[in-house]
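Structure, as structure tokens:
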Amino acid sequence: MTTNTILLLLLSLLIAGGLSFFQYYYKAKTKSKINLVLAFLRFVSIFGVLLLLINPIITRKTLETIKVPLPIVVDNSSSIVDLKAKELVLEIYQKLSQNKELQEKFDMQSYQFDSQLQQSAEFDFKGNQTNLDEVAKNLKSIYGNVFFPTILITDGNQTSGNDYVYSFDANNPVYPLVVGDTTKFLDLKINQLNFNKYAFHKNKFPVEVFLQYSGNKKLVADFSISQGNSILVKQSVSFSPSKKAAIVNVLLPADKVGFQVFKATISFNEKEKNTYNNAKNFVVEIIDQKTNVAIVSAINHPDVGALKRAVEANAQRKVTIVKPNDIKSLQGHSILILYQPTTEFKSVFENNKLAGINTFIITGTNTDFNFLNQQQSNLVFKMSGQNEEYLAEFNSRFNLFAIDNLGFENFPPLQNAFGTVTIKGSVSTLLSSKIRNIETNSPLLAFAENQGKRSAFLLGENLWKWRMQSQVDNQSFEKFDVFVDKIIQFLTTNDAKKSLVVNHESFYNSGEAIEISTQFFNKNYEFDEKARLTISVTNAKTNQTKNYDLLKSNNFYKVNLDGLSAGTYNFSVKELNSKTIYSSHFEILDFDIEKQFVNPDVEKLNQLAMQTQGKVHYPNQVDGLIKTLLKNENYKAIQKEIVAKTPLIDWVWLLILIAFSLAAEWFTRKYNGML
């Protein structure tokens, strides 16, 4: 409190005491004990009121000790069990977490991780993925710029995510505690398989196999690829202490249409500790023919090349670029992409009236809109000779097919002629257009479906800029190419729209996410947000059935079926209100990536420790790790002084005291007949 406040408080004491003395002693005829009580009560009331008027600030100081965080991060993946280190990990964790000296010096937090990091002091070692990169990201997010050490109890074998060596903050030491037998055993392993998911009937498709060897002697192993009981490829591969890896490239015949399961195997006549990683299944869909897409353009433009690359990103598509006067026959083409049509396209439109091929019309600054009005009736164009730039706005209520917003609002504008576009007939708009921030109420990307014939319209050129922007945003063309592929898929299919649409894969690897998404449409083909969807999944071998409810997420419903064992499953999705049913099947391949390891990855963990100025420790060095942490002077607790200033007017008890003293004074005077 300041000097002025203290002087005012002293003056308040004098005023309160003086007024009390004057009323109950100076003027009193008799000086009894009652007068003394009344004087005291009056003093309390007056002094309390004056205190509230002065409102002195009360300052309180407290000391708070902030300890350095010490996260103990435990690998909760199933590879810990496979390496027979489960009991050892639990023993190490208990020894660290219950150490009194560490508890006194550090703010200890326990975490477990597999594919995700979460705070926990209990571990079941059932995780089916290991992502140490996710651990690094989450620790940075939790502790920010705080300096802290990390104890990492793991085998160091990562199965997903980026390289974790450089993911951790280099300024915060990481102390890996390596668990698992580091003794080198003879081990042959199929490390990776590269193949296309699709192949074409009566062709051959390539398969690239990466083989890995761990051992100290020369050997010759047998490698083979089989389908069922038939061996398609068999060859010998040699390894030695200086040759630890080999690459095998083979061509397999695509003799049968549909999903075909193949098995790659490597073997040796000596016994191995881990034979699970000697074989891998893979699935290739053999398709009868490609979807032939013709891009018809009278001009050269970067959009044409971008469209060709995006469409052919799906191996089932084949693109041919032709000029309108050079295309003699439309037979053999599944889709026509008409780029900026002019009167040169007249023969193409006339021939297509008989062929009935679905079209994707793209307009731009070179388009003849009067000609286009004559050739189609879905959109009416009233355009000027002036060009304009149009931004995109995503329509979340679009329901012709499932599509995610790629961030269209942030994509560069497309160029088109300035004017008005009027919709006629059954047209659904996926992207509407804006000029700067002004909505035009006109479509930018729209789809039409009339009497089984489908059309798509993109009203603007420079689509290639969208593909480049998507690559910048996602470090990949994949999302944009999938977006284009869904447009092509819509145009490829002529079937009437179904009310229940289910998206799923035919094959999954055990341990990976198994997610089935659905859309349900009402009689007006509008997305039904009140649908009640369930799924029944039956194991084809055991006939065991499990039922799940599908949960709504944005403009679709989904269910996660993680945890199913390897095998073939039949499933049915049912909408309970309309009784609509969709039935199909999928297969889970027996492949557990966590069982691929024989030893912990000591080399990677050493790199991580060196990168962060930490040190690798082994289970018999836990005491040494504890001493290192306790002796390190950089891990000192910080003592903070917290100053809290509270105005007296906020003291409720003072108001209560004033009210009580006034009430007590009044009742005392009333009782003694002094009123």
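These figures come from a predicted structure and were not determined experimentally. The chain is numbered in sequence order, starting from 1.
Counted within 6.0 Å of CD on E439, heavy atoms from surrounding residues, nucleotides or ligands total 12 or fewer; the atom is thus considered open. Atom NZ of K627 has 12 or fewer heavy atoms from other residues, nucleotides or ligands within 6.0 Å. Heavy-atom neighbours of K105 NZ from other residues, nucleotides or ligands within 6.0 Å: above the threshold of 12. Under a cut-off of 6.0 angstrom, the local environment of NZ in K615 is sparse, with at most 12 non-hydrogen atoms contributed by other residues, nucleotides or ligands. K140 NZ: more than 12 foreign heavy atoms inside a 6.0 Å radius. The 12-atom threshold is not exceeded at CG of D404, counting heavy atoms of other residues, nucleotides or ligands nearer than 6.0 Å. In this structure, I638 places its CD1 atom where only 12 or fewer heavy-atom neighbours from other residues, nucleotides or ligands lie under 6.0 Å away. Heavy atoms of other residues, nucleotides or ligands lying less than 6.0 angstrom from CZ of F40 number 12 at most.
Checked against the 6.0 Å centroid criterion, the rings of Y635 and F147 qualify as a close aromatic pair.
Judged purely by atom type and a 3.5 angstrom limit, N632 has no side-chain atom pairing as donor or acceptor with the backbone of T628. No donor-acceptor pair under 3.5 Å is formed between the side chain of S470 and the backbone N or O of R467. Judged by distance alone, the side chain of T612 and the main-chain N or O of V174 form a donor-acceptor pair under 3.5 Å. With hydrogens and angles disregarded, a donor-acceptor distance shorter than 3.5 Å links the side chain of S20 to the backbone of F43. Checking side-chain atoms of N76 against main-chain N and O of D124 turns up a donor-acceptor pair under 3.5 Å. A donor-acceptor pair is defined here as one N or O able to donate and one able to accept, closer than 3.5 Å; such a pair exists between the side chain of N395 and the backbone of T429. Put simply, the side chain of Q519 never gets that close to the backbone of Y557: no donor and acceptor are under 3.5 Å apart. In terms of modelled atom types and a separation under 3.5 Å, the side chain of N138 and the main chain of L117 share no donor-acceptor contact.
Residues T159 and N131 are not in side-chain contact: their nearest non-hydrogen atoms beyond the backbone lie 4.5 Å or more apart. Residues Q469 and N410 have side chains not in contact (no heavy-atom distance under 4.5 Å, counting atoms from C-beta outward). The shortest distance between side-chain heavy atoms of V179 and T154 does not fall below 4.5 Å.
For the residue pair P412 and W466, the shortest heavy atom distance occurs at O-NE1, 2.7 Å. When all heavy atoms of V616 and L605 are compared, the closest pair comes out as CG2-O, 3.5 Å. Nearest heavy-atom pair, G156 versus Y164, reported as atom, atom and distance to 0.1 Å: O-OH, 3.0 Å.
Within the structure, the side-chain hydrogen bond (donor to acceptor under 3.5 Å, both in side chains) test picks out the following pairs touching residues 616-625 (sequence neighbours left out): K95-D623.
With sequence neighbours excluded, the residues satisfying side chain to side chain donor-acceptor pair (under 3.5 Å) with Q109 are D107, Q119. A search for ring-ring contact (aromatic ring centres under 6.0 Å, His included) contacts involving F398 returns F401, F447, not counting sequence neighbours. Evaluation of the salt bridge (Lys or Arg N to Asp or Glu O under 4.0 Å) rule for K465 yields no partner, not counting sequence neighbours. With sequence neighbours excluded, the residues forming a salt bridge (Lys or Arg N to Asp or Glu O under 4.0 Å) with E665 are R42, listed by chain and number. Listed by chain and residue number, Q112 satisfy the side chain to side chain donor-acceptor pair (under 3.5 Å) test with S120 (two or more places apart in sequence, or in another chain). Under the side chain to side chain donor-acceptor pair (under 3.5 Å) criterion, T130 pairs with S77, E594, not counting sequence neighbours. For V484, the side chain to side chain contact (heavy atoms under 4.5 Å, CB included) partners two or more places apart in sequence, or in a different chain, are A310, V311, F480, I488. Evaluation of the salt bridge (Lys or Arg N to Asp or Glu O under 4.0 Å) rule for E603 yields no partner, not counting sequence neighbours. Residues satisfying the side chain to side chain contact (heavy atoms under 4.5 Å, CB included) test with K546, not counting sequence neighbours, are Q544, Y548, L564. In this structure S97 satisfies the side chain to side chain donor-acceptor pair (under 3.5 Å) test with no other residue, sequence neighbours excluded. For the salt bridge (Lys or Arg N to Asp or Glu O under 4.0 Å) test, residues two or more places apart in sequence or in another chain that qualify with K604 are D163.
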Can N99 and Q103 be said to form a side chain to side chain donor-acceptor pair (under 3.5 Å), step by step? CA-CA 6 Å; N99 186 280; Q103 291 176 356; over 6 Å; no

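N157 and S79 form no side-chain donor-acceptor contact under 3.5 Å, judged by distance and modelled atom types alone. For the residue pair S433 / S442, no side-chain donor-acceptor distance below 3.5 Å is found, with atom types taken as modelled. If you check the side chains of N128 and D114, you find no donor sitting under 3.5 Å from an acceptor.
Among Y111, F113, Y93, the one residue that satisfies the ring pair (Phe, Tyr, Trp, His ring centres under 6.0 Å) test with F123 is Y93.
Taken to the nearest 0.5 Å, the CG atom of L629 stands 6.0 Å off from the CG atom of L70. Interatomic distance, L400 CG to S428 OG, rounded to the nearest 0.5 Å: 4.0 Å.
Taking the six-membered ring for Trp and thresholds of 30 and 60 degrees, F411 and F408 have ring planes more than 60 degrees apart, a perpendicular arrangement.
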